[in-house]
Amino acid sequence: HPPLGGDGLVHDDIGREELILAIPAGHALARLPRVPVAALHGVPFLIGPRSLGPRLHDDIMLFFHRAGVAPRIVQEVGGMTNLIGLAAAGLGLGLVIRSLEVIQRPGIVYRPLADAEPPSLPIALAWREGALPVIGARFLEIARLAR
């Protein structure tokens, strides 16, 4: 995920992935088809530690700040799949990338936000400068067409 720095890497941004809420199935917000941002004020919230993803962490916190919402962070979680497991156990809710919605397990539901565009996660392909093999170049070409 960009920004990528140094080490002789070249990258091409290929898109962004929307963040959605992973909510314990028994939580009142799980009954809503879309969750208003204001409804997240004070709720137990799970988030990745800033040390693992400073840009995403800051984007999420800025998003809440601009909306006048202060979720109650109950735990920092390394990895969005771990966040889903903790949400399913009822520890809180959190934002995950939409593609993780395929993880269907008891105790979890996924909902988009209703009234605001949530932060998104940029996605890029990266390779060492001058070292892109033919198959990699073809993959990059296909990814660019899919944008």
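- No donor-acceptor pair closer than 3.5 Å links the side chain of His11 to the backbone N or O of Leu125.
- No side-chain heavy atom of Phe63 sits less than 4.5 Å from a side-chain heavy atom of Val69.
- The closest side-chain heavy-atom distance from Ile60 to Leu19 is below 4.5 Å.
- To the nearest 0.5 angstrom, Arg55 atom CZ is 9.0 Å from Leu121 atom CG.
- Using a 4.5 Å cut-off on side-chain heavy atoms (C-beta onward), Ile23 and Ile108 make no contact.
- Val35 and Asp115 make their closest contact through O-OD1, 4.5 Å (heavy atoms, listed as atom of the first residue, atom of the second, distance).
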### Task
Determine, step by step, whether Leu83 and Leu100 satisfy the side-chain contact (heavy atoms from CB on, under 4.5 Å) criterion, reporting the C-alpha distance in whole Å, the side-chain angles of both residues, the deciding distance to 0.1 Å, and the verdict.
CA-CA 11 Å; Leu83 187 151; Leu100 291 181; over 6 Å; no

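- The number of heavy atoms from other shown groups lying within 6.0 Å of CZ (Arg34) is above 12.
- Annotation for Pro112 and Pro33: closest pair CD-O, 3.5 Å, computed over non-hydrogen atoms.
- Taking the charged nitrogens against the carboxylate oxygens, Arg144 and Glu141 have no contact shorter than 4.0 Å, which rules out a salt bridge.
- Side chains of Ser120 and Glu17 form no contact here, defined as non-hydrogen atoms less than 4.5 Å apart.
- Across every non-hydrogen atom of Ala30 and Pro24, the tightest pair is CB-O, 3.6 Å.
- Closest non-hydrogen pair, Pro49 versus His57, comes out as C-CD2, 4.1 Å.
- Contact of the Val77 side chain with the Leu91 side chain is not registered, since no non-hydrogen atoms from C-beta on lie closer than 4.5 Å.
- The cluster map of Ile, Leu, Val, Met, Phe, Trp and Tyr, joined by side-chain heavy atoms under 4.5 Å apart, puts Phe45 and Leu52 in different clusters.
- The shortest heavy-atom contact between Arg72 and Gly42 is NE-O, 3.6 Å.
- To the nearest 0.5 angstrom, Leu95 atom CG is 7.5 Å from Leu40 atom CG.
- For the pair Pro118 and Glu18, the minimum side-chain heavy-atom distance is below 4.5 Å.
- Following chains of ILVMFWY side-chain contacts shorter than 4.5 Å, one cannot reach Ile73 starting from Leu62, and the two form parts of different hydrophobic clusters.
- Remark: Ile135 CD1 is loosely packed, at most 12 non-hydrogen atoms of other residues, nucleotides or ligands lying under 6.0 Å away.
- A donor-acceptor pair is defined here as one N or O able to donate and one able to accept, closer than 3.5 Å; no such pair exists between the side chain of Tyr110 and the backbone of Val96.
- Expressed to the nearest 0.5 Å, how far CZ of Arg50 lies from CE of Met61 amounts to 11.0 Å.
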### Query
Leu56 and Met80: side-chain contact (heavy atoms from CB on, under 4.5 Å), yes or no, with the steps?
CA-CA 12 Å; Leu56 180 59; Met80 289 184 180; 3.7 Å; yes

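- Separation of atoms CZ (Arg111) and CG (Leu21) is listed at 10.0 Å; rounding is to 0.5 Å.
- Heavy atoms only, all atoms of each residue included: Ala88 and Pro106 are closest at CB-O, 3.7 Å.
- None of Leu93, Leu46, Val43 except one satisfies the side chain to side chain contact (heavy atoms under 4.5 Å, CB included) rule with Val74; the exception is Leu46.
- Surrounding CD of Glu129 are at most 12 heavy atoms belonging to other residues, nucleotides or ligands under 6.0 Å away.
- Tracing side-chain contacts under 4.5 Å through hydrophobic residues (I, L, V, M, F, W, Y), one reaches Trp127 starting from Phe139; they form part of the same cluster.
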